Amino acid sequence: MKAPKKCFAKLFILILFYSFSGYTQKVKFNKGRAAHKDYYTEVAYKELKSKLIIPVIIQDKTYQFLFDTGAPTLISHILKTQIQTKALSSIRVKDANDSGRPLEVVTIPTLEIGGISFKNSPAIVNDTASNFLFDCLDIDGIIGSNLLRNSIVQIDSSKKMIIITDQLSRLTLEGLGSLDMSLSRSQSSPYIWIQLKGEGKAREQVLFDTGAQGFYDLSSNSFQVLDSLKVFSHTESAFGYKGVGLFGVSNPILHYRVQVPELGILRTTFLNVISISTPASKSRIGADLLAHAKVTLDFKNQKFFLEGFKEKVDLQEEVWAFSPTAKDSSLVVGIVWDKNLVKRAHYGAAILSVNDIETDKMDICDLLIKESAFEKNQILQIVFRDSTGDKQSVELKKQFLKTHAKSVE
């Protein structure tokens with residue numbers, strides 16, 4: 001059935017990986033390198049739902065790749081059949097929801113980004129069973145942090161440009177200050193320290209993940225510690241699903257929705273940051289940071305630079321009483337935060353319509369990618385199907401959380 005022109009659901013696409021573990025044998029992802037030294041290139045990217053998509057040339061043909069600092073390099077199963085590769089092994093991969101399965105690993109003899117050739121880069125091969133996110137984003141693979149580990153990468157959203165170089169002197173970074181940036185042993189994913197402040201104060205080491213939609217994803221592991229240090233001005237909890245990873249949604253677990261009065265990264269302070277916890281072992285700062293700052297990741301020297309467009313950014317926003325997600329190619333209730341709404345709609349309940357638009361008949365890619373009424377509207381009329389099969393019609397209104405820091409003009 002043909003999908004309607006507009007989609008009315010804001011969903012989180014947590015693409016794609018945050019870690020992996022050896023399956024048949026140990027695989028070294030930190031292999032391969034640029035063919036030449038003293039390189040510099042500027043690569044324009046297109047943005048789709050906070051995802052950075054760049055052109056990559058393999059064997060004289062251009063493909064579209066997601067630029068993802070939280071992932072290792074990956075290619076689709078279809079692309080693997082179209083290019084020359086060398087089989088390495090297989091590994092067990094975990095996605096952003098901590099779901100895992102074994103996937104094949106190959107070496108790509110040569111791939112080119114902005115005129116820079118990278119030789120013998122290891123890449124995971126996605127399987128056909130989890131290809132819907134690739135289809136929805138219309139991408140052929142992922143450029144991950146393992147390929148970037150010997151480079152300096154600058155992302156400037158004001159120009160929609162990514163600079164890749166091995167020459168720090170080619171960038172203007174004087175006076176910015178920097179953070180130490182740790183790289184994971186497995187795939188060189190970058191980790192930095194952020195400052196959190198509420199009634200109390202804390203520091204947290206987080207993954208900087210350009211493949212994750214959103215600003216701050218709190219790890220369930222970190223919640224208990226940070227909550228005890230009183231850095232949250234608001235906390236609530238509920239069971240359910242959050243987001244869509246490479247292998248779909250996770251099993252329902254206890255999630256927390258919190259508000260952080262102040263979150264600091266170097267000299268930039270973000271106020272009223274709302275986060276919903278994930279099952280990941282580490283919290284992460286996602287691609288929404290790029291809307292507020294130019295970011296430079298010096299993988300070579302393990303330094304992180306941030307040039308904020310403003311010194312203070314107020315992220316205060318109104319929220320819904322529930323969080324939607326996609327499950328089995330359908331729009332469903334992910335997490336119900338309002339205890340009164342639980343009587344009408346439980347997590348996993350199908351969302352049949354939003355403002356008279358039949359969402360249950362929409363294509364999954366429209367649900368994930370297209371414009372959202374949850375973002376545009378303050379009031380929605382939603383029809384759910386409850387656990388007994390009955391329909392429940394509910395009018396919902398966006399509201400602020402109970403507490404927030406002073407707004408910034």
Side-chain angles (χ1 to χ4, degrees), residues 27-45 52-75 79 83-86 88 105-124 140-157 159-192 208-211 290 294-307:
V27 177
K28 292 183 179 180
F29 266 78
N30 289 326
K31 296 176 68 177
R33 59 186 62 250
H36 304 285
K37 294 183 178 180
D38 301 326
Y39 55 86
Y40 175 95
T41 190
E42 297 180 355
V43 182
Y45 67 83
L52 316 184
I53 299 174
I54 63 170
V56 173
I57 298 176
I58 304 175
Q59 295 172 210
D60 299 322
K61 186 174 180 180
T62 302
Y63 299 94
Q64 299 300 307
F65 274 59
L66 178 72
F67 192 86
D68 188 349
T69 59
T73 298
L74 179 144
I75 60 174
L79 180 57
I83 63 174
Q84 294 179 352
T85 60
K86 179 182 177 181
L88 286 180
V105 182
V106 299
T107 296
I108 303 174
T110 303
L111 64 82
E112 184 180 312
I113 304 173
I116 303 173
S117 292
F118 292 89
K119 302 291 187 180
N120 301 317
S121 300
I124 293 172
D140 304 289
I142 294 172
I143 294 299
S145 51
N146 61 312
L147 184 138
L148 306 169
R149 73 190 189 285
N150 295 316
S151 298
I152 302 151
V153 175
Q154 185 172 89
I155 308 173
D156 186 349
S157 64
K159 299 178 180 178
K160 290 214 169 14
M161 189 75 68
I162 298 172
I163 294 174
I164 304 174
T165 182
D166 61 350
Q167 305 170 67
L168 191 63
S169 61
R170 296 290 300 270
L171 303 176
T172 304
L173 300 169
E174 291 81 3
L176 291 183
S178 64
L179 292 173
D180 290 336
M181 185 174 76
S182 301
L183 304 180
S184 66
R185 291 183 180 181
S186 58
Q187 63 198 45
S188 296
S189 295
Y191 289 83
I192 61 171
F208 177 61
D209 185 356
T210 60
L290 301 174
K294 182 193 297 185
V295 171
T296 303
L297 300 103
D298 183 350
F299 286 88
K300 285 182 64 177
N301 303 297
Q302 297 187 28
K303 293 291 183 180
F304 179 92
F305 300 83
L306 184 138
E307 183 179 354

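Along the sequence shown, the residues carry numbers beginning at 1. A quick note: this is a predicted structure, and the numbers were derived from the prediction, not measured.
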*Mind checking the OH-CG spacing from Y45 to D156? Nearest 0.5 Å is all I need.*
7.0 Å
*Given side chains that start at C-beta, do those of M161 and V43 come closer than 4.5 Å, heavy atoms only?*
no
*Any donor-acceptor pair under 3.5 Å from S178 side chain to F305 backbone*: no
*Is there side-chain contact between V153 and I162, with at least one heavy-atom pair below 4.5 Å?*
yes
*Would a distance-only check, ignoring hydrogens and angles, find a side-chain to backbone donor-acceptor pair under 3.5 Å from T85 to T107?*
no
*asked:* To the closest 0.5 Å, what do you measure between CD1 (I192) and NZ (K303)?
replied: 13.0 Å
N/O donor to acceptor pairs below 3.5 angstrom from side-chain atoms of residues 54-61, sequence neighbours left out:
{"from": "Q59", "atom 1": "OE1", "to": "Q84", "atom 2": "N", "distance (Å)": "2.6"}

*Does the side chain of L111 come within less than 4.5 Å of F65's, by heavy atoms?*
no
*What's the spacing between K119 NZ and T110 OG1 if we round to 0.5 Å?*
3.0 Å
*Any chance you could measure L148, atom CG, to L297, atom CG, to the nearest 0.5 Å?*
8.5 Å
*For the pair T73 (side chain) and I143 (backbone), establish whether a donor and an acceptor sit closer than 3.5 Å, ignoring hydrogens and angles.*
no
*For residues I142 and A71, report the shortest heavy-atom separation together with the two atoms involved.*
CG2-CB, 4.1 Å
*Consider only side-chain N and O atoms of Q167 and S169, and report whether a donor and an acceptor are under 3.5 Å apart.*
no
_Is there a side-chain contact between I108 and F118 in this structure, where contact means two heavy atoms from C-beta onward sitting under 4.5 Å apart?_
no
*Using the side-chain contact (heavy atoms from CB on, under 4.5 Å) rule, take S184 and Y191 through it: C-alpha gap first, then chi angles, then the decisive distance, then the call.*
CA-CA 8 Å; S184 66; Y191 289 83; 4.1 Å; yes
*asked:* Could you report the tightest heavy-atom contact between S182 and Q302, atom names first, then the distance?
replied: CA-OE1, 4.2 Å
_Results of side-chain hydrogen bond (donor to acceptor under 3.5 Å, both in side chains) for N301 - residues two or more places apart only_ = D298
*To the nearest 0.5 angstrom, please state how far the OG1 atom of T210 sits from the CG atom of L52.*
5.5 Å
*Sequence neighbours excluded, which residues qualify as side chain to side chain contact (heavy atoms under 4.5 Å, CB included) partners of Q154?*
I163, L171, L173, K294, T296
*Nearest heavy atoms of S189 and Q187, plus distance in Å*: OG-NE2, 3.0 Å
_Residue pair G114 / T41: nearest heavy atoms and the distance that separates them_ = O-OG1, 2.6 Å
*Is the closest side-chain heavy-atom distance between D68 and D209 below 4.5 Å?*
yes
*Separation between NZ of K160 and CD1 of I155, rounded to the nearest 0.5 Å*: 12.5 Å
*So do the side chains of D140 and I75 get within less than 4.5 Å of each other, counting heavy atoms only?*
no
*Which side chain to side chain donor-acceptor pair (under 3.5 Å) pairs, counting each pair once, include a residue from residues 29-40, with sequence neighbours left out?*
N30-S188, Y39-S151, Y40-E42
*Who passes side-chain hydrogen bond (donor to acceptor under 3.5 Å, both in side chains) against S121, sequence neighbours left out?*
none
_Tell me every residue that passes ring pair (Phe, Tyr, Trp, His ring centres under 6.0 Å) with F304, counting only those two or more places apart in sequence or in another chain._
F208
_Residue pair R149 / N146: nearest heavy atoms and the distance that separates them_ = NH1-O, 2.9 Å
*Indicate yes or no: at least one non-hydrogen side-chain atom of L183 is less than 4.5 angstrom from one of F299.*
yes
